[in-house]
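To start, the structure under review is shown below, and the notes come after it.
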Amino acid sequence: MPHILIAEDEPRISGFIEKGLKSSGFTTTIVQTANEAISLALRGGFDLMILDLGLPGKDGLAVLEELRGQGEQLPIIILTARDDVQQKVAGFEGGADDYLTKPFRFEELIVRIRARLRDRSLPSGGESMILQVGNVQLDLRTRQAKVGEQWVELPSREFILAEMFFRHPGQVLSREQLLDRVWGYDYDPGSNIVDVYVGYLRKKLGSSLIETVRGMGYRLRNG
Ligand code: CA
């Protein structure tokens with residue numbers, strides 16, 4: 001049973017994560033400070049760490065730096081309210097394996113945890129980090145898209161939406177499903193935000209990539 005270390009000082013959030021992970025068959029340990037996170041991670045016995053950036057004592061980025069500096073290879077997913085490109089870049093440069101911004105859906109977190117655990121069990125890694133349909137690729141590690149030979153920048157929400165489509169090629173996804181999985185709990189179901197973002201993806205990744213299925217939702221063209 002994979003053992004997940006949760007470094008998070010807000011009990012409401014760590015409780016939410018722990019509850020979900022336990023019901024998905026994981027074991028969990030919660031720590032609330034940067035120093036505890038460092039000492040437990042170094043002590044070993046964990047398969048992955050979820051690391052909040054705003055921890056008391058030390059910044060989560062400093063935790064990451066210290067662990068990587070000591071050669072600790074534990075997969076780390078950063079969890080933060082800072083939806084900020086600079087922080088994201090700093091996190092990846094500091095050796096984080098993935099990055100998730102609050103508020104988030106639990107499904108989003110579990111997909112990322114499973115992906116990171118899977119990478120670790122692959123002999124060479126790499127191949128599972130790229131999702132491809134037609135000439136469009138999503139690189140899950142750098143969170144960038146590539147159309148043909150052209151790299152395309154996708155802001156966080158657009159990337160998550162694209163990832164949802166690429167994980168379900170050929171499948172119709174309803175607006176409600178997309179709203180729920182990508183935007184989370186605080187959105188009005190009557191909102192047209194999904195349509196607006198599908199428009200952004202079409203503009204950036206190709207106008208025929210995502211089809212409208214009248215009265216049902218959207219579908220990623222399969223190959
Ligand atoms: Ca915090």
Side-chain angles (χ1 to χ4, degrees), residues 2-117 119-120 140-143 154-161 163 179-187:
H3 195 171
I4 311 293
L5 179 59
I6 304 166
E8 167 64 68
D9 61 316
E10 283 175 59
R12 189 178 60 85
I13 296 173
S14 58
F16 166 72
I17 297 171
E18 178 169 65
K19 188 165 154 254
L21 287 179
K22 281 186 168 163
S23 70
S24 306
F26 293 88
T27 52
T28 53
T29 297
I30 297 175
V31 292
Q32 298 195 352
T33 69
N35 288 336
E36 285 176 288
I38 292 168
S39 67
L40 259 78
L42 290 176
R43 194 187 301 164
F46 297 98
D47 297 289
L48 184 141
M49 171 154 76
I50 296 167
L51 176 64
D52 175 30
L53 285 189
L55 286 174
K58 238 179 236 167
D59 193 273
L61 288 175
V63 172
L64 187 64
E65 197 180 325
E66 181 151 351
L67 290 175
R68 294 306 187 228
Q70 296 205 32
E72 177 54 56
Q73 299 285 313
L74 182 68
I76 295 175
I77 298 178
I78 288 180
L79 189 58
T80 180
R82 303 174 205 173
D83 191 2
D84 175 324
V85 174
Q86 301 274 299
Q87 290 289 330
K88 191 164 165 176
V89 169
F92 280 117
E93 283 178 350
D97 298 274
D98 208 341
Y99 191 102
L100 196 57
T101 41
K102 299 169 186 170
F104 61 95
R105 293 285 301 169
F106 185 74
E107 288 90 332
E108 221 179 306
L109 177 64
I110 197 89
V111 161
R112 284 157 204 271
I113 290 175
R114 291 201 171 116
R116 296 301 85 81
L117 294 175
D119 293 343
R120 219 192 180 189
L140 302 181
R141 180 168 288 273
T142 62
R143 319 289 294 160
L154 295 180
S156 162
R157 278 303 158 190
E158 290 176 38
F159 192 91
I160 295 167
L161 179 64
E163 188 177 341
L179 196 60
D180 182 58
R181 299 276 186 91
V182 178
W183 281 269
Y185 26 84
D186 336 299
Y187 277 84

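If you read the sequence from its start, that first residue is 1, and numbering goes on from there. First listed ligand is number 1; within each ligand, the first listed atom is number 1.
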> Does a side-chain N-to-carboxylate-O contact under 4.0 Å join Lys58 and Asp9?
Replying inline: no

> Between Ala37 and Met49, which heavy-atom pair has the shortest distance, and what is it?
Replying inline: CB-SD, 4.4 Å

> Charged N to carboxylate O under 4.0 angstrom, Glu163 versus Arg112?
Replying inline: yes

> Does the shortest distance from the Ca ion (ligand 1) to an N/O/S atom of Pro56 fall below 3.0 Å?
Replying inline: no

>> Nearest N/O/S atom of Asp9 with respect to the Ca ion (ligand 1), by atom name, please.
In response: OD1

> Of the options Ile17, Leu53, Leu51, which is the one that meets Leu79 in a side chain to side chain contact (heavy atoms under 4.5 Å, CB included)?
Replying inline: Ile17

> Under 3.0 Å from the Ca ion (ligand 1), is there an N/O/S atom belonging to Asp52?
Replying inline: yes

